[in-house]
Amino acid sequence: MIAQVILYILIVFVGTGGELFVSRAMKTIGEVTDFRPSSIARVVGRAMMVPAMWTGIAMMAVAFFALLAMLSLAKVSFVFPSTALRFAVAAFGGRIFLHEKVTPQRWFGVLVICVGLLLVFFSKG
Amino acid sequence: MKPQEGLHVKTFVLILIIISLAPLGNTFLGKGMKLLPPITDWAPANLFHFFFRAMTSGTIWIGIGLLFSYFIAYLLVLSWADYSFVQPATSASYVVIALLAHFMLHEEIAPGRWAGIALICLGVFAVGQTQPRTPEQQL
């Protein structure tokens, strides 16, 4: 049980933290307008020059291995809904660390998603 | 097509790709991990051995390939859309993964869990009605 809680924390907090770093790195690259494979490869190459990208990737790698371990212990249909907390973490993280404006409607959507995922979490099966 | 409409179209096309690839990749990961015995010993050496075995599974690598493609699509959409928009919008992938778990992995899903999934859809719809990018003057 303790192991599962630790894995859960790694998936939710470290995973979401990693995504926030990746998001910050991509914002420094600027909007992608050309979707040809060579252009996408150049964008990925430029993204890899940003230190925040590597911090994000390292954190997401930790979350990935935690996810693998969790998947060996529980059902797929349980593991993913149980990480619902990341939506609230994402909204708060986007607001606080990336200074994104989160509109009331978006907060409402996040709230409904979280209620739904909590229901999923507490249902049997 | 107005620039804002174009932004919406490419945002939703990429989100559609994301909510397809991520669940499929994770389903393959789940399938691959179920082929291994569950972790019972959390000593570092055993963990290393466990993950090494996982990395020799073809099913796991299919999952990783799908998740890598998802990650590229995710990076592209994050180059213009707010993280707090992208993250909840891609929660539709939870619905897709429940369907894949049920039909591909034959997992039983309780009615309460399906009800939760319906609420997730409602939340995703609410989030989808908001602007994908924060207007400059509001910063």
Side-chain angles (χ1 to χ4, degrees), chain A residues 3 16 19-20 22-24 26-27 29-32 35 40 43-44 47 60 64-65 67-73 75-81 84 86-87 90-95 98-103 105-106 108-125, chain B residues 10 26-27 29-31 33-34 36-39 42 47 50-51 54 60 67 72 74-76 78-80 82-88 91 93-94 97-98 100-102 105 107-113 115-131 134-135 138-139:
Chain A
T16 307
E19 287 176 2
L20 282 168
V22 166
S23 180
R24 175 170 280 187
M26 287 310 291
K27 288 295 188 296
I29 300 295
E31 182 179 341
V32 177
F35 289 86
I40 291 173
V43 167
V44 172
M60 288 172 77
F64 174 75
F65 281 106
L67 180 69
L68 281 187
M70 192 80 157
L71 282 172
S72 79
L73 301 171
K75 283 182 176 181
V76 171
S77 59
F78 172 79
V79 172
F80 290 93
R86 65 187 307 154
F87 292 95
F92 280 104
R95 180 76 190 91
L98 302 180
H99 308 293
E100 295 174 356
K101 181 174 173 58
V102 183
T103 61
Q105 187 178 346
R106 206 182 285 176
F108 172 75
V110 169
L111 182 69
V112 174
I113 289 166
C114 287
V115 171
L117 291 174
L118 278 174
L119 194 59
V120 167
F121 182 77
F122 287 111
S123 64
K124 291 180 180 176
Chain B
K10 69 177 183 180
N26 284 313
T27 303
L29 287 187
K31 191 174 184 179
M33 293 312 289
K34 290 293 183 297
L36 299 175
I39 306 174
W42 295 87
L47 277 180
F50 176 82
F51 288 125
I60 294 288
L67 286 178
I72 298 297
Y74 194 65
L75 286 185
L76 294 178
L78 281 177
S79 74
W80 68 80
D82 283 353
Y83 178 75
S84 52
F85 169 82
V86 174
Q87 174 70 304
S91 73
S93 59
Y94 282 64
I97 206 160
L100 289 174
H102 184 65
L105 304 179
E107 290 185 2
E108 285 196 20
I109 300 175
R113 195 164 290 177
I117 289 165
L119 271 179
I120 295 165
C121 286
L122 191 66
V124 171
F125 180 78
V127 170
Q129 299 301 303
T130 62
Q131 291 292 324
T134 308
Q138 291 182 6
L139 288 171

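Here is how names work: the chains are called A, B, and so on, in the same order as the sequence lines, proteins then strands, and each is numbered from 1. As the structure is a prediction and not an experimental result, all values here were calculated from the model.
Proximity of a side-chain donor or acceptor of A/K75 to a complementary backbone N or O of B/G30 within less than 3.5 Å is not detected.
What you find for B/E107 and A/V76 is that their closest heavy atoms are OE2-N, 2.9 Å. Residue B/I60 comes nearest to A/L68 through the heavy atom pair CD1-CD2, 4.3 Å, listed as atom of the first residue, atom of the second, then distance. Smallest separation of non-hydrogen atoms from A/G116 and B/L119: CA-CB, 3.5 Å. Taking all atoms of both residues into account, the shortest heavy-atom contact from A/S77 to B/R113 is O-NH1, 3.3 Å.
In this structure, chain B has no heavy atom under 4.5 Å from any part of A/I29. Residue A/L111: no heavy atom, backbone or side chain, is found under 4.5 Å from chain B. A/V44 touches chain B through its side chain: at least one heavy atom from C-beta onward sits under 4.5 Å away, while N, CA, C and O do not. For B/L47, no part lies under 4.5 angstrom from a heavy atom of chain A.
Of the listed residues (A/A69, A/G109, A/A3, A/A47), the one with the most heavy-atom contacts under 4.5 Å to chain B is A/G109. Ranked by heavy-atom pairs under 4.5 Å with chain A, the first of B/G112, B/S93, B/A98, B/A54 is B/G112.
Taking the ring-ring contact (aromatic ring centres under 6.0 Å, His included) definition, one finds that B/F51 meets it with A/F65, sequence neighbours left out. Under the side-chain contact (heavy atoms from CB on, under 4.5 Å) criterion, B/T27 pairs with B/I97, B/L100, B/M104, B/L105, sequence neighbours left out.
Side-chain contact check for A/S72 versus B/I39: some heavy-atom pair is nearer than 4.5 Å. The shortest side-chain heavy-atom distance between B/N26 and A/L67 falls under the 4.5 Å cut-off.
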